[in-house]
Every structure is written in structure tokens, then in C-alpha cells.
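A quick write-up on the structure given underneath.
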Amino acid sequence: MSAPAPSPLAVVDAEPLPRQEEVLTEAALAFVAELHRRFTPRRDELLARRQERRAEIARTSTLDFLPETAAIRADDSWKVAPAPAALNDRRVEITGPTDRKMTINALNSGAKVWLADFEDASAPTWENVVLGQLNLIDAYARKIDFTDPRSGKSYALKPAEELATVVMRPRGWHLEERHLTFDGRPVPGALVDFGLYFFHNAQRLIDLGKGPYFYLPKTESHLEARLWNEIFVFAQDYVGIPQGTVRATVLIETITAAYEMEEILYELRDHAAGLNAGRWDYLFSIVKNFRDGGQKFVLPDRNAVTMTAPFMRAYTELLVRTCHKRGAHAIGGMAAFIPSRKDAEVNKVAFEKVKADKDREAGDGFDGSWVAHPDLVPIAMASFDAVLGAKPNQKDRLREDVSVAPGDLIAIDSLDAEPTYAGLVSAVQVGIRYIEAWLRGLGAVAIFNLMEDAATAEISRSQIWQWINAGVVFENGKTATPELAREVAAEELAAIRAEIGEEAFAAGKWQQAHDLLLHVSLDADYADFLTLPAYEQLIG
């Protein structure tokens with residue numbers, strides 16, 4: 001076999017990283033370049049289509065199931081491909097970024113699946129992008145270990161049969177990778193993440209009895225799922241593995257995708273593994289799409305919108321019914337609590353909430369669910385064990401009792417809760433603290449005993465924006481205005497400075513985070529994604 005032609009991709013504005021040549025090989029970059037050449041034009045068209053769809057929603061303030069795909073929904077004969085053995089039991093999944101310590105801890109966690117995250121739990125510095133890939137390569141070759149420089153504690157992998165199955169999540173379609181360019185243009189981050197991982201690991205994973213499995217984020221339509229399917233078909237042929245080896249689970253975390261769940265599964269049917277029900281990104285998407293829709297679309301405090309809210313319940317139950325009708329896994333939402341090493345009472349209350357949440361999901365027919373910390377794995381496992389027993393899933397529960405009308409998914413005003421001043425303060429607090437960490441290269445951040453990621457910052461800034469533009473009057477008589485948001489943000493910045501001290505404050509990116517939060521929360525031109533202006537400020 002002749003050597004591959006030199007890749008037309010250029011690595012720009014990036015300091016050399018240790019062992020980067022093991023990831024950025026000529027052959028791997030040639031594959032990414034071919035993905036970019038073939039599929040980026042269609043990706044660009046689909047991003048433009050998102051804007052057209054958004055404009056239509058602004059005009060009508062409504063959504064419906066698509067009339068042009070009614071035949072797909074009505075055809076009961078099609079199913080997704082059967083789950084491979086390594087993905088048949090997904091009762092507990094742990095999520096987290098791909099740094100070395102997390103890679104080992106997640107694989108060892110006792111969860112059935114690890115969502116290895118290059119998306120919302122990872123700030124896309126070049127170091128995180130490249131070394132995250134290297135950590136996964138090392139893990140599959142069992143060449144990974146880690147010693148914590150602060151504690152001196154060492155970490156190593158358990159035996160292979162005890163490790164979680166990896167499902168990797170690339171970045172969403174909207175993000176570019178500025179350090180990898182083609183004719184001077186950045187390559188989409190999704191193609192970089194997918195391409196490098198698939199090229200290096202597809203055959204290795206098959207040899208381990210598993211396969212290249214993916215979570216697809218921020219999907220807004222079945223046409224975007226179709227593009228991913230075309231990429232999978234091409235990629236499998238390119239490296240010479242059987243068609244259908246790839247499996248993809250799609251996050252239904254946008255309101256438009258909630259109306260196209262069956263069509264999304266249909267487009268991916270030879271490669272589909274299931275759908276996942278998110279929360280913060282889903283609510284963020286509702287705000288983004290219906291921000292012109294008036295008072296009936298104004299959300300209360302984010303913590304008041306639980307998964308038992310009527311419109312959220314409609315969404316999750318429709319997801320379970322859709323998945324099981326088509327033979328796919330239905331995966332539930334995140335338990336983000338981080339156990340406190342100091343406060344047993346905090347843990348007790350939180351563990352009870354996690355148990356109730358996972359009991360509800362298992363009882364509703366979900367086949368598995370997410371946690372953010374290894375200590376939550378046994379709690380979630382017990383909830384699903386109680387329902388599943390020895391069965392790997394409950395796809396046989398078809399939930400034919402579920403009937404969801406189009407309006408049920410956007411009945412925001414069915415929730416008996418209002419925005420509060422404390423909710424505004426919380427949104428500012430969490431927004432500043434998360435963005436500051438993100439700008440330092442951290443995507444998964446512990447804030448007030450919760451593991452937060454970029455979706456947290458999105459819903460925080462979206463609620464500030466929405467409440468101001470709706471002229472919300474809080475229970476204390478104060479009106480949501482730009483001036484009030486600036487006042488709260490200034491108070492929070494001063495509180496952080498007092499809490500951590502002048503030296504740590506000066507060493508961080510607190511003022512920058514404060515300014516960015518206010519920019520995306522107060523700008524009349526609502527930014528599609530916070531991470532777009534934030535990426536311009538991300539160093540590395």
C-alpha cells in the first residue's frame with residue numbers, strides 16, 4: 001500500500017504538545033481533510049437552514065410535527081439496527097471530559113457506559129482536543145495511568161471486563177476548530193473530533209469486542225441526522241470496516257428535534273442506538289426559538305423546571321415511546337450532584353433527590369440514565385436494577401398509553417411557577433463562575449455542589465436575556481432590566497473577590513467572565529451560542 005498523500009490541512013497558532021504526532025498523523029489528517037471536503041458544504045447549508053427555521057418560528061410562535069415526513073411516522077414496519085452486545089445494557093452512564101484522571105475514573109466507575117465528552121464538558125483548547133484523543137488511544141491500548149501531583153494518589157485501569165463502554169461526543173455543528181485549517185478556513189470541530197477518534201480507534205475498538213460509538217449533540221433536524229449518517233457510511237468504507245459498525249445516540253436537546261424524533265431515528269436507522277433526553281440545553285433551545293413568543297413562553301427559575309413539569313413530561317414520555325416503537329434505547333437525563341466531603345446532610349438530601357429522579361425514569365420506561373459522579377453510579381444502578389432485574393433494557397415497554405399533541409411540547413405556561421429575584425441572582429452567579437473556568441480551559445466545573453457544563457451557562461444567560469426582554473417583575477417588586485443585571489453582576493464579582501482573595505482573583509479571568517456574561521445576556525442581538533464569542537477569547 002502506498003503512503004497517503006500529504007494532508008492539505010494546516011495546524012496553525014498552536015504550541016507543540018507532547019506526543020501530538022501520535023494523534024496528528026498524516027493519515028489521520030488526510031482523513032479529516034476528506035471529511036471536510038465532502039461534508040462541510042452540506043453542514044454550512046444546514047446551519048443556514050437553522051436560521052430560516054428560527055425565523056419561521058418567530059413569525060408563527062408554534063411548531064408541529066412535519067407533514068412531509070408523516071409517512072415515516074405512520075410506517076410501523078421499520079426499526080433501528082439491533083444493539084451490539086457492548087451497548088445493549090446502558091442502565092447507568094457517567095459523563096465527563098477526557099482528561100487523563102477522568103478517563104481512568106470514568107472507565108473504572110462501575111457505570112455501563114462513559115460519555116467521553118469533547119463537547120459541553122470540555123472547553124475546546126487545542127490541548128484538550130489533542131490530548132483528550134491521546135488519552136482515549138492510551139486507554140484502549142491499556143497504556144494509561146495517572147498520579148495526582150497534589151495528592152500523590154495513583155490511578156490505573158481495572159480489568160477490561162469491568163470497564164465502561166465508551167460513547168464519544170464530538171462538538172456540535174456550529175463550532176469551528178481554529179487550529180486546523182483547510183485553505184485558510186477552520187475545519188468544523190465536529191469533523192475534527194469525530195475524524196481523529198474514528199480513524200485511530202475504530203478497528204482497535206472492534207478488536208476489543210466493542211465499536212466506534214457516538215453521542216450526537218445539538219441536533220436540530222432529521223436532515224442533520226442524515227448528514228451524520230452519510231459521514232458514517234463514508235468513514236466505514238474509508239477505513240475498511242463493515243457498514244453498521246458505528247452506533248450513534250442522538251441527544252434530543254433542541255425543541256425542533258423533539259418534533260422529529262422518529263425521523264432522526266429513521267435517517268440513522270442502520271447506525272442508530274437511541275435517543276437521550278436532556279434538560280438545560282433543551283430549555284435553552286426553547287428560549288432561543290420562542291424568544292419573540294410573548295409571556296406564555298417565559299420560563300421560571302431553571303431549578304423550578306423539573307422533569308415532572310407538564311411540557312417536560314410530554315417530551316420525555318414521547319421520547320420513550322418513540323425509541324421503543326423503533327427498537328432503540330431511551331436514555332434519561334443527568335444527575336449532576338457532586339457529593340460533599342464535608343456535609344453529610346447535604347449528601348443525604350441530594351441522594352434522595354437523585355434516587356427519586358432515577359426511580360421516575362426507570363418507572364417511565366427509560367433504559368438508562370446519566371450521572372456526573374462515580375458516587376452516584378450505585379444509586380442510579382439500584383433504581384434501574386429494581387425495574388430491569390436481569391434484563392438489559394426495557395424496550396419491550398412500548399408506552400402505547402402515551403399520546404402527545406404538538407402543543408403539549410411547548411405548553412410552557414402549564415407550569416405553575418414564576419421567575420424570582422433569587423433566580424436572577426443564581427443565573428448571574430453560576431454564569432460568571434462557569435464562564436471564568438471555561439476561559440481557563442475547564443468545561444466541567446463544580447459549582448455549589450453541582451457539576452455544571454456549557455449548557456448551564458447557556459440556560460443562565462438565556463433566562464437573564466428573556467426576563468429582561470419580557471419585562472418580568474419579580475416578587476420583591478424589582479423589574480428585570482439591564483441595569484438590575486449589571487448591579488447583580490457587580491455584587492457577585494465583589495463577593496467572589498472577597499471570597500477568594502485579591503491574588504487568586506487577579507490570577508483568574510473573573511472580570512472577563514463577568515463582561516462576557518453581560519454581553520450575551522444584554523445584547524439585543526441574541527447570540528445563537530455563548531460558546532461562539534467565548535471561543536474567540538479562549539486561549540490555547
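When a residue number appears, it is its place in the shown sequence, counting from 1. Values below: every heavy atom of this structure, side chains too, minus hydrogens, waters and symmetry copies.
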Sequence neighbours excluded, which residues qualify as side-chain contact (heavy atoms from CB on, under 4.5 Å) partners of Asp528?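 Counting only residues at least two positions away or on another chain, Asp528 forms a side-chain contact (heavy atoms from CB on, under 4.5 Å) with Gln51, Lys288.
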
Can you name the residues that form a side-chain contact (heavy atoms from CB on, under 4.5 Å) with Asn347, not counting sequence neighbours?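 Checked Asn347 against side-chain contact (heavy atoms from CB on, under 4.5 Å); matches are Phe337, Pro339, Ser340, Phe351.
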
Minimum heavy-atom distance [X]-[Y], with the two atoms named:
X: Thr98; Y: Gly132; result: OG1-CA, 3.2 Å
X: Leu265; Y: Cys323; result: CD1-CA, 4.2 Å
X: Arg171; Y: Phe118; result: CG-O, 3.3 Å
X: Pro533; Y: Val520; result: CG-CG1, 3.9 Å
X: Trp510; Y: Ala504; result: NE1-O, 4.1 Å

Mind checking whether [X] and [Y] have side chains closer than 4.5 Å, heavy atoms only?
X: Val488; Y: Leu424; value: yes
X: Val445; Y: Asp453; value: no
X: Thr306; Y: Met312; value: no
X: Ile435; Y: Leu530; value: yes
X: Tyr535; Y: Phe529; value: no
X: Leu299; Y: Leu283; value: yes
X: Val305; Y: Leu415; value: yes
X: Ile412; Y: Val298; value: no

Using the six-membered ring of [Y], assess whether NZ or CZ of [X] lies under 6.0 Å from its centre and within 45 degrees of the ring axis.
X: Lys358; Y: Phe384; answer: no
X: Arg461; Y: Tyr526; answer: yes
X: Arg497; Y: Phe505; answer: yes

Could you tell me whether [X] atom [atom1] has more than 12 heavy atoms of other residues or ligands within 6.0 Å of it?
X: Glu418; atom1: CD; answer: no
X: Tyr259; atom1: OH; answer: yes
X: Asp401; atom1: CG; answer: yes
X: Glu499; atom1: CD; answer: yes

Is the distance between the ring centroids of Phe194 and Trp228 under 6.0 Å? yes

Can we call the ring centroids of Phe214 and Tyr197 under 6.0 Å apart?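 Between Phe214 and Tyr197, the centre distance is under 6.0 Å.
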
Check the side chains of [Y] and [X] for a donor-acceptor pair under 3.5 angstrom, ignoring hydrogens and angles.
X: Gln512; Y: Gln537; value: yes
X: Asn289; Y: Ser285; value: yes
X: Thr254; Y: Glu220; value: no
X: Ser122; Y: Asp117; value: no

Spell out, as yes or no, whether a donor-acceptor pair under 3.5 Å connects the side chain of [X] to the backbone of [Y].
X: Glu361; Y: Gly333; value: yes
X: Tyr215; Y: Asn276; value: no
X: Glu436; Y: Gly508; value: no
X: Arg399; Y: Gly365; value: no
X: Glu475; Y: Thr420; value: no
X: Glu93; Y: Ala111; value: no
X: Asp523; Y: Asp525; value: yes
X: Arg321; Y: Val402; value: yes
X: Glu452; Y: Ala457; value: no
X: Asp343; Y: Val346; value: yes

Which of these passes side-chain hydrogen bond (donor to acceptor under 3.5 Å, both in side chains) with Lys218: Glu119, His174, Glu224?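 It is Glu119, the one option of Glu119, His174, Glu224 that forms the side-chain hydrogen bond (donor to acceptor under 3.5 Å, both in side chains) with Lys218.
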
Residues Arg90, Thr249; criterion side chain to side chain donor-acceptor pair (under 3.5 Å); working and verdict: CA-CA 12 Å; Arg90 304 177 61 174; Thr249 304; 2.9 Å; yes

Between [Y] and [X], does any NZ, NE, NH1 or NH2 come within less than 4.0 Å of an OD or OE carboxylate oxygen?
X: Arg397; Y: Asp367; result: no
X: Glu56; Y: Arg53; result: no
X: Arg185; Y: Asp44; result: yes
X: Asp357; Y: Lys353; result: no

How long is the straight-line distance from [atom2] of [Y] back to [atom1] of [X], given to the nearest 0.5 Å?
X: Glu458; Y: Tyr434; atom1: CD; atom2: OH; result: 9.5 Å
X: Leu47; Y: Glu52; atom1: CG; atom2: CD; result: 11.5 Å
X: His373; Y: Ile94; atom1: NE2; atom2: CD1; result: 8.0 Å

Evaluate side-chain contact (heavy atoms from CB on, under 4.5 Å) for Tyr282 paired with Leu251, printing each intermediate quantity in order. CA-CA 10 Å; Tyr282 189 74; Leu251 292 112; over 6 Å; no

Looking at Glu262, Glu263, Glu260, which hits salt bridge (Lys or Arg N to Asp or Glu O under 4.0 Å) with Arg73? Glu263

Could you pull out all residues at least two apart from Phe290 that satisfy ring-ring contact (aromatic ring centres under 6.0 Å, His included)?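 If we apply the ring-ring contact (aromatic ring centres under 6.0 Å, His included) test to Phe290, skipping adjacent residues, the hits are Phe297.
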
